[in-house]
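Here's the structure, in structure tokens; my notes come after.
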Amino acid sequence: MADELGRWAATRAPELLARAEAEAVQVLRDALVAAALPRATATPAAAAAPPPTATSPEPAGEALWVYCVSRADGASPPAGEGVAGSPVELVEHDGLAAFVSRVPVAEFGEEPLRRNLNELAWLERVARAHEGVLERALANASIAPLRLCTIYDGPARVRMMLGAAHARFLSVLDLLDGRQEWGVKLLLDPAQVAAEARRRLPDAEEEGAEVAERGEGAGYMLRRRLERRIADAADALATEVAEEVHANLLGSAVAGVTRAAQNRELSGHEGDMALNAAYLVEAKRVDGLRELVAILEAHHSRVGARIELTGPWPPYNFVPHDGAEALA
């Protein structure tokens, strides 16, 4: 068990936490919970209750947390617990199935949810449970994952969502059938990038020799100019390598997206992240993707290239980012 937790922490936790934190910030900034819960859940406790006070009782009852949507044909809920420890169930409508589990309104109603989203430990636990259900569901079917905090007050509301977004869910599932999302991170050694950039820079050796001849004082401005030229060349080289790697991987994929580089402190990676991307790949071509990654890594060894390939992931990057509301 300890080994499993260690592997999860090393490979899944940084990206999952980054996504969870980004989604939580977006939820709070846009007041998504305030806007979506009354519309989606419409529970009196969540929609009509006044702001809680020190003596206000917590709202009672249950709501449904929705993880993803798949085709109903052959769908079955994965074993294991969901976000609040309840088993995963299916809510079906017109050939689609939503994977849901019951959550207490006292913890996941509008006001409690606002408070809990500020607690990183709570957010990590919920995000990890959400991700676990998606991974187990993904093992058996193509799924359209929904964002964290997609909550409805009961099966009838979930069926309304499935009906409203029916055509677009089918379109997304058609795109995802037989395909997998894989993540790629290109990491470069900054010292090796700088050395290679200097090697390629015209007259760099001559300028370096001139700086050495003039000494510390007289050569100061020349040295600073050379350092700037090398730094600019290194930036251009890193961009060139990233663009080449992305173009090659995109050529072997159905689709691809690039994302902002991850925070080094959060992910724990070493080196400079020149590319953080996700690719939608035919399942039968995954072995070829692995081979291509190895070839690209070897080809760019002079800049210390290390390419991390992870997956398959729930295909967040290839469905609308606002979940059911965007699909409706």
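The model shown is predicted, which means the values in this text are computed figures rather than measured ones. The analysis underlying the following values was restricted to heavy atoms, covering all of them including side chains, and did not include hydrogens, waters or symmetry mates.
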Spatial distance of atom CG (Asp94) from atom CG (Leu162) [nearest 0.5 Å] | 9.0 Å
Close side-chain approach of Asn317 and Arg259, heavy atoms under 4.5 Å | yes
Decide yes or no on side chain to side chain contact (heavy atoms under 4.5 Å, CB included) for Leu123 and Asn116, but give the supporting numbers first.
-> CA-CA 7 Å; Leu123 182 60; Asn116 287 328; over 6 Å; no
Does the Glu297 side chain pair with the main chain of Ile307, one donor and one acceptor, at a distance under 3.5 Å?
-> yes
Looking only at heavy atoms, which two atoms of Cys68 and Leu134 are closest? And how far apart?
-> CB-CD2, 3.7 Å
Please check if the side chain of Ser301 supplies one atom and the backbone of Ala298 the other of a donor-acceptor pair under 3.5 Å.
-> yes
Scan Val281, Leu289, Val286 and name whichever one has a side chain to side chain contact (heavy atoms under 4.5 Å, CB included) with Gln180.
-> Val286
Linked, directly or transitively: Val319 and Tyr279 (ILVMFWY side chains, under 4.5 Å) = no
Is it possible for you to say whether Leu187 and Leu249 belong to one hydrophobic cluster, with membership spreading through side-chain heavy-atom contacts below 4.5 Å?
-> no
Derivation and outcome, side chain to side chain contact (heavy atoms under 4.5 Å, CB included), residues Arg71 and Asp177 = CA-CA 10 Å; Arg71 290 185 176 84; Asp177 275 345; 2.9 Å; yes
Considering residues at least two apart in sequence or located in another chain, which fulfil the side chain to side chain contact (heavy atoms under 4.5 Å, CB included) criterion with Ser171?
-> none
Heavy-atom pair with the smallest gap, counting every atom of Val83 and Arg125 = O-NH1, 4.0 Å
Would you call the rings of Trp65 and Phe108 parallel, tilted or perpendicular, where under 30° means parallel and over 60° means perpendicular?
-> perpendicular
Find the distance between CG (Leu170) and CG (Leu175) and round it off to the nearest 0.5 Å.
-> 12.5 Å
Test side chain to side chain contact (heavy atoms under 4.5 Å, CB included) on Glu308 and Val184 and set out the steps.
-> CA-CA 6 Å; Glu308 296 181 355; Val184 168; over 6 Å; no
Rounded to the nearest 0.5 Å, how far apart are CD of Glu62 and CG of Asp153?
-> 12.0 Å
Could you tell me whether a side-chain N or O of His130 sits under 3.5 Å from a main-chain N or O of Cys149, the two making a donor and an acceptor?
-> no
Are any side-chain N or O atoms of Asn276 and backbone N or O atoms of Lys185, one a donor and one an acceptor, separated by less than 3.5 Å?
-> no
Where do Glu111 and Arg115 land on the salt bridge (Lys or Arg N to Asp or Glu O under 4.0 Å) test, with the steps shown first?
-> CA-CA 7 Å; Glu111 292 301 331; Arg115 296 194 300 269; 5.3 Å; no
Indicate the atoms forming the closest heavy-atom contact of Gly80 with Arg136, along with that distance.
-> C-NH2, 3.7 Å
Would a line drawn from the ring center of Phe318 to the ring center of Trp182 be shorter than 6.0 Å?
-> no
Distance, nearest 0.5 Å, that separates CG of Asp272 from CG of Leu186 = 10.0 Å
So which heavy atom on Glu81 is nearest to which on Val133, and how close?
-> O-CG2, 3.8 Å
Gap between atom CG of Leu292 and atom NE2 of His299 - 0.5 Å precision = 11.5 Å
Just do the salt bridge (Lys or Arg N to Asp or Glu O under 4.0 Å) check on Arg128 and Glu131 with the steps written out, would you?
-> CA-CA 5 Å; Arg128 184 171 176 173; Glu131 186 84 357; over 6 Å; no
Mind checking whether Phe99 and Leu90 have side chains closer than 4.5 Å, heavy atoms only?
-> yes
Smallest separation among heavy atoms of Ser70 and Leu173, with atom names | C-CD1, 3.9 Å
Answer with yes or no whether the hydrophobic clustering places Leu250 together with Leu280; edges join I, L, V, M, F, W, Y residues whose side-chain heavy atoms lie under 4.5 Å apart.
-> no
Does Ile151 share a hydrophobic cluster with Tyr316, counting links as ILVMFWY side-chain heavy atoms below 4.5 Å and allowing steps through other members?
-> yes
Interatomic spacing from CG in Leu188 to CG in Leu275 - rounded to 0.5 Å | 9.5 Å
Answer with yes or no whether the side chains of Tyr67 and Ser101 bring together a donor and an acceptor at under 3.5 Å.
-> yes
In the single-linkage hydrophobic clustering (I, L, V, M, F, W, Y; side-chain heavy atoms under 4.5 Å), do Trp122 and Val103 co-cluster?
-> yes
For Asp287 and Arg290, what are the C-alpha separation, side-chain angles and deciding distance, and is it a salt bridge (Lys or Arg N to Asp or Glu O under 4.0 Å)?
-> CA-CA 5 Å; Asp287 287 343; Arg290 291 192 179 97; 3.1 Å; yes
Does atom CG of Asp174 have more than 12 heavy-atom neighbours, drawn from other residues, nucleotides or ligands, at distances under 6.0 Å?
-> yes
Which atom pair, heavy atoms only, marks the closest approach of Leu176 to Ile143?
-> CD1-O, 3.2 Å
